[in-house]
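So the structure is just underneath, and the comments pick up after that.
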Amino acid sequence: MRIRNKLMIIIAVSILIISCEQTNEPTGGDPQFIPSFQNTWQVQNSSNHTIFLDSDDIGLNSGIFYGEEDDPDNNINGAHLCGRFDNRRVEFNIRRPGGTVKFKGSFVAEDKIEASSPTDSIVLIRPN
C-alpha cells in the first residue's frame with residue numbers, strides 16, 4: 001500500500017510539472033525567427049568594412065554566434081566578436097584595438113542587422 005501511495009504522488013507531481021512546462025511554440029501567431037549568420041556581412045555604405053559571422057547553433061531561434069571584424073580604413077583587422085541571439089534580437093561585443101564595444105540590435109530583415117552601442121551604430125547587410 002505504501003509503494004502504491006508513493007507511486008500515485010510521483011505520477012500526480014509529474015503530471016503537474018508537465019502541464020506547467022513552458023513550450024517553445026510561437027505566441028500571438030507570429031512565427032519564431034531563426035537567423036542565419038554564416039557569411040561575411042558588409043557594413044552598409046562602407047564596402048571595405050566587413051564582419052564575418054558564424055554560429056554553431058544552426059537552425060535554432062536562440063544561441064551564440066562569433067566572428068571577426070575587418071575595417072582597414074580604421075586599422076581594425078581580425079577584431080574578435082562574440083554575441084548571442086534570441087529570435088530577431090542580437091547582442092554582441094567587438095574587441096577593437098581601442099577597447100571592447102557592446103552592440104544591441106536586431107534583424108530587421110533576413111539579410112539586414114541594425115545595432116547600436118552607446119557611441120556607435122552599425123547596419124550589416126548580407127551580400128547576395
Side-chain angles (χ1 to χ4, degrees):
M1 182 77 169
R2 280 173 141 186
I3 293 174
R4 185 172 182 226
N5 288 343
K6 288 181 182 179
L7 184 58
M8 294 301 284
I9 291 172
I10 291 171
I11 291 172
V13 169
S14 298
I15 290 171
L16 181 62
I17 290 171
I18 289 170
S19 67
C20 293
E21 199 170 279
Q22 183 178 10
T23 65
N24 288 331
E25 297 192 19
T27 58
D30 193 21
Q32 292 180 332
F33 181 75
I34 298 177
S36 175
F37 291 98
Q38 298 74 22
N39 209 330
T40 299
W41 295 69
Q42 181 180 339
V43 175
Q44 192 172 28
N45 301 325
S46 180
S47 61
N48 291 333
H49 190 175
T50 59
I51 297 180
F52 170 75
L53 296 177
D54 202 357
S55 177
D56 294 331
D57 296 325
I58 297 169
L60 300 176
N61 68 324
S62 65
I64 60 171
F65 62 97
Y66 50 88
E68 289 189 350
E69 177 185 37
D70 289 314
D71 185 5
D73 295 340
N74 289 305
N75 295 322
I76 298 173
N77 295 305
H80 295 285
L81 177 150
C82 63
R84 62 188 178 109
F85 63 95
D86 184 19
N87 291 313
R88 292 188 179 275
R89 291 186 308 272
V90 295
E91 293 183 20
F92 56 94
N93 298 332
I94 303 175
R95 283 190 356 222
R96 292 178 173 162
T100 300
V101 181
K102 299 178 180 198
F103 287 91
K104 288 185 179 184
S106 64
F107 277 83
V108 295
E110 189 172 316
D111 295 328
K112 187 175 184 179
I113 300 170
E114 293 180 357
S116 61
S117 74
T119 59
D120 197 8
S121 65
I122 195 167
V123 177
L124 301 175
I125 54 173
R126 186 186 351 238
N128 293 337

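The figures here come from the full heavy-atom set of this structure, side chains too, leaving out hydrogens, waters and symmetry mates. Throughout, residue positions are numbered sequentially from 1 according to the sequence presented.
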- Message: If hydrophobic clusters are built from ILVMFWY residues whose side chains come within less than 4.5 Å, do Val101 and Phe92 share one?
- Response: yes
Just distance, no hydrogens or angles: give the donor-acceptor pairs under 3.5 Å from side chains in residues 118-125, sequence neighbours left out.
none

- Message: Quick check for you: to the nearest 0.5 Å, what is the distance between Ser62 atom OG and Ile34 atom CD1?
- Response: 9.5 Å
Quiz: residues 69-76 side-chain donor-acceptor pairs under 3.5 angstrom, not counting sequence neighbours:
{"from": "Glu69", "atom 1": "OE1", "to": "Arg96", "atom 2": "NE", "distance (Å)": "2.9"}
{"from": "Glu69", "atom 1": "OE2", "to": "His49", "atom 2": "NE2", "distance (Å)": "2.6"}
{"from": "Glu69", "atom 1": "OE2", "to": "Arg96", "atom 2": "NH2", "distance (Å)": "2.9"}
{"from": "Asp70", "atom 1": "OD1", "to": "Gly78", "atom 2": "N", "distance (Å)": "2.7"}
{"from": "Asp71", "atom 1": "OD2", "to": "His49", "atom 2": "ND1", "distance (Å)": "3.4"}
{"from": "Asp71", "atom 1": "OD2", "to": "Asn74", "atom 2": "ND2", "distance (Å)": "2.7"}

- Begin with the C-alpha distance, continue with both residues' side-chain angles, and end with the deciding distance and a verdict on side-chain contact (heavy atoms from CB on, under 4.5 Å) for Arg126 and Lys112. CA-CA 6 Å; Arg126 186 186 351 238; Lys112 187 175 184 179; over 6 Å; no
- Query: Taking only residues two or more places apart in sequence or in another chain, which ones pass ring pair (Phe, Tyr, Trp, His ring centres under 6.0 Å) with Phe37?
  - Reply: Phe65, Phe85, Phe107
- Evaluate side-chain contact (heavy atoms from CB on, under 4.5 Å) for Asn39 paired with Asp111, printing each intermediate quantity in order. CA-CA 10 Å; Asn39 209 330; Asp111 295 328; over 6 Å; no
- Message: Applying salt bridge (charged side-chain N to carboxylate O under 4.0 Å, His left out) as the test, list every pair that has at least one member in residues 41-59; sequence neighbours left out.
- Response: none
- Task: Determine the minimum heavy-atom distance between Ala79 and Ile94, stating which atoms define it.
- Result: CB-CG2, 3.9 Å
- Any chance CZ of Arg95 has more than 12 other-residue heavy atoms, nucleotides or ligands included, within less than 6.0 Å? no
- Query: Looking at Ser117 and Phe103, what are the two nearest heavy atoms and their distance?
  - Reply: N-CD2, 3.8 Å
- Between atom NE2 of His80 and atom CG of Asn93, what is the distance when rounded to the nearest 0.5 Å? 13.5 Å
- Message: Could you see if Ile113 belongs to whatever hydrophobic cluster contains Phe52? Use Ile, Leu, Val, Met, Phe, Trp, Tyr and a side-chain cutoff under 4.5 Å.
- Response: no
- Side chain of Ser55, backbone of Ile64: donor and acceptor closer than 3.5 Å? yes
- Query: What pairs of residues pass the salt bridge (charged side-chain N to carboxylate O under 4.0 Å, His left out) test when at least one of them lies in residues 76-88, not counting sequence neighbours?
  - Reply: Arg84-Glu91, Asp86-Arg89
- Which pair of heavy atoms, one from Trp41 and one from Pro127, lies closest together, and at what distance? CA-CD, 4.3 Å
- Measure the spacing between CZ of Phe33 and CD of Glu110 and express it to the nearest 0.5 Å. 6.0 Å
- Note on the structure: salt bridge (charged side-chain N to carboxylate O under 4.0 Å, His left out) pairs touching residues 33-51, sequence neighbours excluded, are none
- Message: So, taking the atom named CG in Leu60 and the one named CG in Asn87, what distance separates them when rounded to the nearest 0.5 Å?
- Response: 11.0 Å
